[in-house]
Asks: 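Below you'll find the structure I mean.
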Amino acid sequence: MATLFSEIEYLKGVGKARGEKYRKLGINSPYELIYHIPRAYLDFRAHVPVQQAVLNEYNVLKLTVSRKMPPQRIRGGLVICKAAATDGIDDILIVVYNNVYGFQALKEGGTYYMYGKVTGNFLRREISSPVYIGAEERVLIQPIYRLTQGLSVNMIRTNMRQALNMMKAEPFETLPQDIMQRYDLPPLMWALENIHFPADEMSSEAARRRLSFDELLKLQLGMSLMRTRTRAHTAMKMDSGVDIGDFTGSLPFELTGDQSRAVSEILADLCRDVPMNRLLQGDVGSGKTAVAAAACYFAAKNGAQSALMAPTEILATQHYRTLTSFLEPLGIRVTLLTGSLTAKKKAELRGRIAGGEVDVVVGTHAIIQKDVEYRSLALVITDEQHRFGVAQRAALAEKGGSPHRLVMSATPIPRTLALIIYGDLDISAITELPNGRKPIKTYAVTGKLRTRAFNHVRMRLDEGRQAYVVCPMIEDSDSDLFAVKTYAENAAKGDLRGYRTALLHGRMRAAEKDRVMQQFRSGEIQVLICTTVVEVGVDVPNAAVMVIENAERFGLSQLHQLRGRVGRGEYDSTCILITDNTSEECVKRMKIMSSTADGFKISEEDLKMRGPGDFFGNAQHGLPPLKIADIACSMELMNKAQTCAKELLESDPALERPEHRALKMDVLRLFSREIIG
Ligand code: ADP
Ligand code: MG
């Protein structure tokens, strides 16, 4: 007999063909179907007479079908079905395109609530491809779902009722009774029924609140379980007597107070046999690399190998260069292992790594792949981890026994969010910037001032500085957005004529990107016309000007990241944001950007303006995908879920009590078993 967790094909009325369509939507079982949450509702209570329908808009009408006409086949296999209908006073034509099946279900003489776009004029009106329910239907608020070709709202609704009935036959509850009471949450079964078929707005709201709470709670519980799991392993315990004075003494600068504190915290972790699990959080340019280098140095002096992983080859190469300059003079052997090396070269490097002839390995994810064996890997550092998912972090934790892990992030995240996203990590933060860093002057202007902006750019180039120009697109499209390819061509003939410019974007080959970056770093190229590929980590101190086109296209945090590419040296720097968007939200963002350089403040503002839902909806965080909380979650609910997770784990750290079993199963489902085990 089919159960909630059977294949979706076994649900009554689904079968093979429709099952495939469901799988396209990521729905593999009746249970997953139930979690296909409506993206909106249609309120059939609000119907109007045909007379009052707003033309060229969607309206709800209550219509009786008076006469169905035979389907008409027209070019390209398109089938049009038409029917005459009336609301008792006025007539209207129903037109259905390419949905003979849906049309057949309409009965002559039947009365329906219909939702669709009404067009025509005062005398002749038509409603096209309406969504409808029978007038006898009691539930007048109907869900609308994300669809796929060949799967209609009506089909999903029918199957949804079946799946819900199946669950109702054996309902289960994931939250203990007392939690539901204290947090004022309805039972799960009630919530699932009411998220799909609510009696009124209040019911759908209450349902959404319960289901969002569940998701946020599961997220936190899952992160904490991961953390407990890595704690259970043992890592290499290093010798606290090893001195790093040689390293700090050889740096071209003195570590800031925050950098030194972070180094001490990390070294203390390395001297314990519990694997380190630490996040090093610091704004762009705060000097995280030097801290990472100190950790690598300490590990090497302890006879252990370190691996530093970056999300792109550009960054890996840059880290390799920095680490080499810091560490090679002290006799530490650093190597770069990336995907674009020849097979022969890779094999040779792997041999040296396995033989222990290398102390620090820098690279992309290639360095944690199975075929790379380490002799004594004890420290794994990942840079800019928001580009890596939780799953990758977990994979890292497994590499070479249980190495100590350090995660570096340049995305300052408000504490509430950090607790969720990095729930599996301890946190060291660098909040001060190195001395002598000049603030970046930021201006937001409209396109009318572009010429003046480029006057400034040329002036700085003539002084010997370099510049970035960032555009949102690679190629021209239907939108009016700037694309780097055309932009670069035009600039070379116009605003930047006579200057050495080059193109950089994500669809270029790795070797080509490296070559361009190398030329930019050496000063051979003066202006880099690029997409957001430069967003993360690129460090060219002589670059002191940035122009961002279509600035409205970027979120606050992203603008902050981009801007962080300048102001990295001793020079005055400028960032010019160009946008013609005058929406209130965009104006506010531009104001924030021009008034502060504090990454934490910017991220707080970002969170306030966009709400946590927007954050969860963005795949970049690398968390398991959320289905409900990504659209509907408030800070208030998030804080509640956080408190609840804490309480639960304090009383039952591994969620082993019988009353927590259903909840734990649900957590495992969200994270998939491989991650938490
Ligand atoms: P991020 O935290 O963004 O990765 P980096 O590690 O790339 O920052 O450092 C940015 C720049 O600041 C580098 O050029 C680095 O050499 C320099 N730097 C790092 N620490 C200090 C310091 N304590 N004093 C002066 N300059 C520093
Ligand atoms: Mg960095």
Side-chain angles (χ1 to χ4, degrees), residues 4 11-13 27 30-49 52 58-64 87 105 110-116 130-147 151-175 177 179-217 613 626-634 636-637 640-641 666:
L4 263 191
L11 187 67
K12 196 165 161 254
I27 298 167
Y31 175 83
E32 288 179 359
L33 177 60
I34 290 177
Y35 277 90
H36 192 54
I37 303 298
R39 53 178 180 81
Y41 299 92
L42 258 182
D43 192 345
F44 287 100
R45 293 173 306 178
H47 59 270
V48 295
Q52 282 171 30
Y58 284 80
N59 293 268
V60 179
L61 308 175
K62 189 176 181 180
L63 300 174
T64 304
D87 66 354
T111 303
Y112 305 88
Y113 292 108
M114 297 197 162
Y115 170 85
V131 178
Y132 62 87
I133 54 172
E136 73 292 346
E137 174 68 68
R138 278 164 304 126
V139 183
L140 291 188
I141 300 179
Q142 291 280 343
I144 304 179
Y145 298 101
R146 193 158 55 85
L147 303 172
L151 202 53
S152 72
V153 169
N154 282 326
M155 291 177 200
I156 298 188
R157 280 205 290 252
T158 311
N159 295 146
M160 191 64 77
R161 285 206 192 271
Q162 253 141 14
L164 284 169
N165 286 339
M166 205 173 208
M167 181 168 174
K168 250 163 95 174
E170 277 174 88
F172 61 86
E173 179 51 67
T174 48
L175 292 183
Q177 196 64 40
I179 289 184
M180 284 200 284
Q181 249 159 35
R182 270 188 295 134
Y183 291 91
D184 192 21
L185 298 163
L188 181 61
M189 193 63 236
W190 186 93
L192 289 171
E193 280 201 285
N194 280 276
I195 196 87
H196 294 289
F197 302 106
D200 48 37
E201 283 92 348
M202 265 170 60
S203 309
S204 68
E205 265 320 297
R208 203 166 276 278
R209 186 167 171 278
R210 155 77 205 239
L211 297 175
S212 304
F213 181 92
D214 277 12
E215 227 170 23
L216 295 169
L217 179 69
L626 302 186
K627 297 217 161 79
I628 309 158
D630 67 339
I631 8 189
C633 96
S634 63
E636 178 251 4
L637 198 64
K640 284 206 167 128
D666 230 19

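Both backbone and side-chain heavy atoms feed into the values below; hydrogens, waters and symmetry mates do not.
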Asks: Under 4.5 Å between any side-chain heavy atoms of R210 and Y183, yes or no?
Replies: no

Asks: Which atom names give the shortest non-hydrogen contact between K62 and A135, and what distance separates them?
Replies: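 Minimum heavy-atom separation between K62 and A135: CE-CB, 4.1 Å.
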
Asks: Less than 4.5 Å apart, side chain to side chain, heavy atoms only: is that true for E137 and Q142?
Replies: yes

Asks: Does Q52 form a side-chain contact (heavy atoms from CB on, under 4.5 Å) with N59? I'd like the steps, not just the answer.
Replies: CA-CA 9 Å; Q52 282 171 30; N59 293 268; over 6 Å; no

Asks: What are the two closest heavy atoms between D43 and V60, and how far apart are they?
Replies: O-CG2, 3.9 Å

Asks: I want to check something: taking the side chain as every heavy atom from C-beta on, are L11 and L33 in contact at a cut-off of under 4.5 Å?
Replies: yes

Asks: Walk me through it: do Y113 and Y132 pass the test ring-ring contact (aromatic ring centres under 6.0 Å, His included)?
Replies: CA-CA 5 Å; Y113 292 108; Y132 62 87; over 10 Å; no

Asks: Output the distance between atom CG (L192) and atom OH (Y31), rounded to the nearest 0.5 Å.
Replies: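 Here the interatomic distance stands at 8.0 Å.
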
Asks: Supply the atom-to-atom distance R146 CZ to H36 NE2, rounded to the nearest 0.5 angstrom.
Replies: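 So the CZ of R146 and the NE2 of H36 are separated by 5.5 Å.
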
Asks: Could you go step by step and tell me if R45 and E201 meet the salt bridge (Lys or Arg N to Asp or Glu O under 4.0 Å) rule?
Replies: CA-CA 12 Å; R45 293 173 306 178; E201 283 92 348; 3.2 Å; yes

Asks: Find out whether R182 and I179 are in side-chain contact, i.e. whether some heavy atom of one side chain is under 4.5 Å from a heavy atom of the other.
Replies: yes

Asks: Flag the pair L188 / E173 as yes when at least one side-chain heavy-atom distance between them is below 4.5 Å, and no otherwise.
Replies: yes

Asks: Is Y41 reaching over with its side chain to a backbone N or O of I195, donor-acceptor style, under 3.5 angstrom?
Replies: yes

Asks: Rounded to the nearest 0.5 Å, how far does CG of L42 lie from CG of L140?
Replies: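 Rounded to the nearest 0.5 Å, the CG-CG separation comes to 11.0 Å.
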
Asks: Give me the ring orientation class for Y115 and Y58: parallel if the planes are under 30° apart, tilted from 30 to 60°, perpendicular past 60°.
Replies: parallel

Asks: Is there a side-chain contact between R161 and H196 in this structure, where contact means two heavy atoms from C-beta onward sitting under 4.5 Å apart?
Replies: no

Asks: For atom CD of E636, is the number of surrounding heavy atoms from other residues, nucleotides or ligands below 6.0 Å larger than 12?
Replies: yes

Asks: At their closest point, which heavy atom of R157 faces which heavy atom of F197, and how far apart are they?
Replies: O-CZ, 3.9 Å

Asks: Taking all atoms of both residues into account, what is the closest heavy-atom pair of E193 and K168, and its distance?
Replies: OE2-NZ, 2.9 Å

Asks: Do L4 and P30 have side-chain heavy atoms sitting under 4.5 Å apart?
Replies: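 Yes, at least one pair of side-chain atoms sits under 4.5 Å.
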
Asks: Report yes if the side chains of I156 and L147 come closer than 4.5 Å at any heavy-atom pair, otherwise no.
Replies: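 Yes, at least one pair of side-chain atoms sits under 4.5 Å.
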
Asks: Closest heavy-atom contact between I34 and A163?
Replies: CD1-O, 3.6 Å

Asks: Taking 4.0 angstrom as the limit, do R209 and E205 come out as a salt bridge?
Replies: no

Asks: Begin from the C-alpha positions of F213 and K640 and carry the test side-chain contact (heavy atoms from CB on, under 4.5 Å) through to its verdict.
Replies: CA-CA 8 Å; F213 181 92; K640 284 206 167 128; 4.1 Å; yes

Asks: Does L175 form a side-chain contact (heavy atoms from CB on, under 4.5 Å) with L217? I'd like the steps, not just the answer.
Replies: CA-CA 10 Å; L175 292 183; L217 179 69; 3.7 Å; yes

Asks: Please indicate whether R138 has more than 12 foreign heavy atoms, meaning atoms of other residues, nucleotides or ligands, lying under 6.0 Å from its CZ.
Replies: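 Check fails, neighbour count at 12 or below.
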
Asks: Which atoms form the tightest heavy-atom contact between M180 and P186, and what is the distance?
Replies: SD-O, 3.9 Å

